[in-house]
Structures are given as C-alpha cells and as structure tokens.
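Notes follow once the structure below has been shown.
The chains referred to below are lettered A, B, ... by the order of the sequence lines, with proteins before strands, and numbering in each begins at 1. Every value quoted in this text rests on a predicted model; they were computed, and no experiment measured them.
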Amino acid sequence: MENVLAIVVGILVACATFLILSRDLIRILLGIAILSNAANLLIFTAGRVTRDAPPLVPGDLEVPAGAYANPLPQALILTAIVIGFGLLAFALVLSYRAYVAMRTVDVDAMREAEPPYPDQSPPTGEDGRQTPLRRRGAAGTPTREAAQ
Amino acid sequence: MNWLLVWPILIPVLTAALCLLAWNAPGLQRTLSFLGTFVLLIGDLYLFAGVWEGGVQSVQMGEWPAPYGITIVADTLSATLVVLTALIGLGVAVFALGDIGVERETTGFHPLFHALLTGVGGAFMTGDIFNLYVWFEVMVIASFGLMALGCERAQIDGGVKYVILNLIATTVLLVAIGLLYGVTGTLNMADLAQVVPQHAEQGRLIVIAALFLLAFGMKAAVFPLYFWLPASYHTPPAAVSAIFAALLTKVGVYAMIRTFTLIFTVGQAYTYSAILAVGVLTMLIGVLGAIAQNDVRRVLSFNLVSGIGFILIGLGLGTVLGLAGAIYYTVHHIVVMSGLFLVAGVAQRVAHAQGLDALGGLYRSQPLVAVLFFIVAMSLAGVPPLSGFWPKVILVQASLEAEAYIVAAAALVTGLLTLYSMSKIWSLAFWRAKPEVAPQAAPGILDPGPLGAGRKAVLLTPVALLAVLTLAIGLFAQPLLSISERAAVALMAPDAYITTVLDEEG
C-alpha cells in the first residue's frame, strides 16, 4: 500500500511541477494546491499505513489495549491542511488583485516591481505619470483586452 | 516552569490581539504597538541574562515529557536573536509611527506586524521541527499581509512573486519534515540529534538533509533561490521592508545553522561543502546584482542577499571560529540592514524619487540623513572600526585556517564590491547635485502627507539609534565576540542542549 501511495505522491509532484513551471498565474496556483496535497499524502504515507484500532484509551486503562494506529501523522496533516488552505485562499485573492491591477495573469508580463531596465527609472509621460510597461500580449499569451 | 521562555511568543500574540480589538482606533493601536515591543524587549533581555548566567533553558508545553510534547528552548544563539528581534521590532515600530499612513493602520498594519514578530520569535525559540514549520507559516502569512497592505501596483506584483516562491518553500519544508519523521519517528530536535547520527540508513538522511537545505535556502534567499527577494522587498513601505530585511531571511539562516549543527551532523563533508559553495556564489552574485540596480532599495536587497552568503560560509567552514563569525555577522547584518532600509526610505521620501538616476543633492539638503546613511553604509561595507569589519576579519581568518583560500578571496572581493555599491549610492544620491530630471511621484510609497519636523524626528530617531548601535558593536567588539564564541561552542557541541531538553521532566 505504501508503494502505491508513494507512486501517487510522485505523480502529483510531477503534475504540480509541470503546472508551476507555467507562466499563467492560475496554473501556478493550481500547481501549488496539488503540491501541498502531495505533501499531505506524503506525511500520511511516511507515518505508515496500518489497519490498527483507533488510538483511544478505554476509561479504565492507562494505555490503549493492543496495537493502535499512529495518530501523529493525522495531526500533522490536519495542521498542514488548515495552513495550506488559508495560504491558498490568500494567494487566490492576491492573484485576482494582480489581474485587476495589471490586467494580465502572465507572470512574464508583470514587470511593475521589476522593470525590464533595472539600471534606470521608469520613463514618465508628459502628465508626470509613468507610461505603462510594454505588455507581451502580442507575442505571448493574449491579454483579456486583446481577446475582446 | 520558566515563563520567561514563552515571552518572545506570548507578548507579540497579546499585542496583536489587542491591536485587532482596537481596529478602528489607530492612535490606540500605535500606543499598544510601541508598548508591546518595549515590553517584549525588556522580557527578552531578562531571558538573555538568564541564559547567559544559567546556560540552556527549556520548557515543555502542556507538561508533556520531552520527545512527545512541544519544547521551547533557549540557548545563547536563540536568546541573542530574540533580543535583536525585539530591538529591531521596537525601532521599526517607532519608525512606523511616522511612515505608515492611517490607511494602512486601519487595515491591520499593527496586528500583522506583531503577528510577524510572533512567528519570528517562535521560530527562534522552538525545539520541535514541525513546530518550526508552523512558526514559519505564522511568519510567512503575516509577511504576505504586510507585503500586500496598501495594494499599490508594484506591491501586488512583488507580492505575487514573494507569495508563490514562499509557498513552494514551505511546502518543500513540509515534505522534508514528513520524510524525516517517516525515517526517524520523532520530531523533537534534541531527540533527532540523538537518533539521526546512529540511524542505519545514512543515505536517506543525507537526501532529507538536502531537502532541508533547499527549503531553508529558499527562505534565506541564497543563490540560486533568491529571486523572490529583490523582486519584492523594495515595494512595501520602508518600515515593512526594513523588518523583512532584518528578520525574515535570518530566520531561514538560523534554521539552517540549527538543523545542520544539531541534527544533520551525518554526511557533513557533503552538506557543508554544498553550503560553502552556495555561500560563496550567494555573496558574489548578490553584490554584483547590487551594482547593476537603480532603485536604492533594490540595491540594498541585493546587498542583503550578499550578506546571507557571508553567514553561510561561516556555517559551511564547520569550525568554531567560522560559526562565531557567522553569528557575529548575523547580529551586525540585522542591525545594519534594518538601518539601511529605514534611512533609504527616508531619503526616497524627502527626495520624492526612488531611482539613483533621479536622486541627488541629499547631502546638501538633508545633512543628518546623509551622515546616518554614511555610518550604516560604511558599516555594511566593513570599514573599520564599524561593526561590519570584525565579522569579516573573523570569517576570512577562519577560511584561511581551514585552508579554503577561494572562500577567503571571495569574501575579500565581495567586501570591496560592497564598498563600491555603497559608495555608488553615496555619490549619486547624496554627494552630487540634484540632476535635471523631472521629479517623479515615488510609485512604491503611499505618501501620508508632507514630512514635517516632528515626523522627521520620529523617522530619524530609530535610524540614529541603529547607527549608534553599529558604532558601539564596532568600537566595543569584545562583548558581542564573547557571545558569538559561546554560542558557536554550544552549537558545535550541543550536549547541554540535548540533555536540558530531554531531562527536563526529571
């Protein structure tokens, strides 16, 4: 059973890596979601898959009677799921804000913080505002405006 | 049970909670924030004094005995680092009074700031490797909030890269912890220190060690995993980027030092040479990146990456002297980097420009800002007698003793290039006359009004204190050197750490 689960974890990590290597922000987030699930499954597998009794202590005993399943991996996974869910929700909202602010989900076209010319200030127009950076809409993934 | 040990975690949590309750009262939040960091500093100093007098201290959460419950441990290294966390926290909390506008204060700046300090303090104090992951996540989620707070375009863009790469790093850390648990069956760091060297499957443990190196390396922003840092650290307000620069990468470095001296002593020849190579490349690439940049705080971000390399070579050398140099450098770097980011923020704000090509004439118009910048910048460059000089001497001496001549040469070249990059900022932004380009509205800074004399005093006081601190630890180097040496000796022979944690219940 551990071997099957290990292969499943491997496939999940491979899918996640493929998705994270994409330039599309949504695909990257999906990849991260799959990656965190792969990590949870890995902890589950690393804690050994057994068919023992639940780790409950009967009222009149000090220790559980007989063999019992390891409760620690579940506790770890529960923590990791909660944290991973919160972070993913935040990342989704941030990506939406990024789309609203920059009108693109192509991470190569997001050059606000890292201008393509790092050794000079961004050019400013006559009104004192910064001119919008060149988008890769034509060469790469079409932006929403280009599609409409 | 020593309650002082949970102080670095408890006080910021309480402050964050109280600030949350005072959501709509920015004035009250400011008072709470200042008081919180002040009380934190006092308690941490007591904690440090206790550790300095009485050695390693530990406490078991919930009174569960050692390898099963969560342990909080303070040795010299963690006690020193929590004191610095509180010190920088206090400085930045004061700076934030003048730097963070009401818009950000009423959308949760203060609660997030103290949540960040909680995560940092917890990561320094914990003795349980899964708990370390949890503190990393506390720290990271708070930093996500601080990074995005204000929602300027550059912030959102930098935030996307910061968030994604940090999410991947924490997932890798989780995978490494899961595998380590699967192989050894324990999560307590002191217990791991006993189990790992005697384990039968050393090959697997070295693979796991490499995964830890990858995860902590992404957190610490080492070559070639540092790209999220210069993409994002210059976008939030100066107070936020200063606290990030001072503490976040140092937590990654601390975790690396802790795990690779305490737990993964197996296969040291392999892991330490990897750390050494990464350290050399990090400091060289970092400083070369700094020279190419235009935005002042991006220059500093690359210098920050370069400094992480210095700390790593101290660890990678694997000697007491090297580690002492690394710890000394960490302390120096925390103080100087926060000072530099703060003073750069002030300079960018008074000049209404971010890029070196648009800045100028600040020495004439703002002499105090210029003098403060000069002190911290020369300290970073390692000009004697400032605080950057001594750890570089120690690290070069340690690499010569270990016959790692390439490392020594790389450290010296990096020092020279750091001096070049600092004097570039000095001569362009401060020394020359203001260039004849139209002043730009600085896009990364939500300007909360004009900079009056009172606000400027609030902004410059913490910078001045940090500058005095770097002068002090440069001129009176011996106390900090003794602390670093004692911490390094304890790291190389962690018997006291292990016995204190595991015998605590007896």
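- In terms of non-hydrogen atom pairs under 4.5 Å with chain A, the most contact-rich of B:Cys151, B:Gly145, B:Gly158 is B:Cys151.
- Heavy-atom distances place the side chain of B:Ala148, and not its backbone, under 4.5 Å from chain A.
- One distance of note links CG of A:Leu87 with CG of B:Asn166; it measures 9.5 Å at 0.5 Å rounding.
- The CZ atom of B:Arg153 sits 12.0 Å away from atom CZ of A:Arg97, with the distance rounded to the nearest 0.5 Å.
- Shortest non-hydrogen contact noted between B:Ile156 and A:Ala98 is CG2-CA, 3.3 Å.
- The number of heavy-atom neighbours closer than 6.0 Å to CZ of B:Phe227, taken from other residues, nucleotides and ligands shown, is above 12.
- Nearest heavy-atom pair across A:Ala39 and B:Thr171 is CB-CG2, 4.0 Å.
- Atom-to-atom distance recorded for A:Met102:CE and B:Asp157:CG is 4.5 Å, nearest 0.5 angstrom.
- Taking A:Ile32, A:Leu76, A:Val100, A:Ile28 one by one and counting their heavy-atom pairs under 4.5 Å with chain B, the maximum is reached by A:Leu76.
- Within a 6.0 Å radius of CZ in B:Arg432, more than 12 heavy atoms belonging to other residues, nucleotides or ligands are found.
- Using a 4.5 Å cut-off between heavy atoms, A:Leu25 contacts chain B through its side chain alone, with no backbone atom that close.
- With a 4.5 Å cut-off on non-hydrogen atoms, B:Val163 touches chain A through its side chain but not through its backbone.
- Only the side chain of A:Ile20 comes within less than 4.5 Å of a heavy atom in chain B; its backbone stays farther off.
- For the pair B:Leu174/A:Asn40, a side-chain contact is recorded, criterion being any heavy-atom separation below 4.5 Å from C-beta on.
- Contact of B:Ile177 with chain A is not made at all, since no heavy-atom distance falls under 4.5 Å.
- Between B:Gly178 and A:Ala46, the closest heavy-atom pair is O-CB, 3.4 Å.
- A donor-acceptor pair is defined here as one N or O able to donate and one able to accept, closer than 3.5 Å; such a pair exists between the side chain of A:Arg48 and the backbone of B:Gly182.
- With a 4.5 angstrom heavy-atom cutoff, A:Leu35 touches chain B via backbone and side-chain atoms both.
- You'll find the side chain of B:Phe130 stays beyond 4.5 Å of the side chain of A:Leu72, heavy atoms only.
- Counting heavy atoms from C-beta on, the side chains of A:Leu94 and B:Phe144 never come closer than 4.5 Å.
- When each of B:Val140, B:Val183, B:Leu167 is checked for heavy-atom pairs under 4.5 Å with chain A, B:Leu167 comes out on top.
- The number of heavy atoms from other shown groups lying within 6.0 Å of OH (B:Tyr181) is above 12.
- Using a 4.5 Å cut-off between heavy atoms, B:Ile164 contacts chain A through both its backbone and its side chain.
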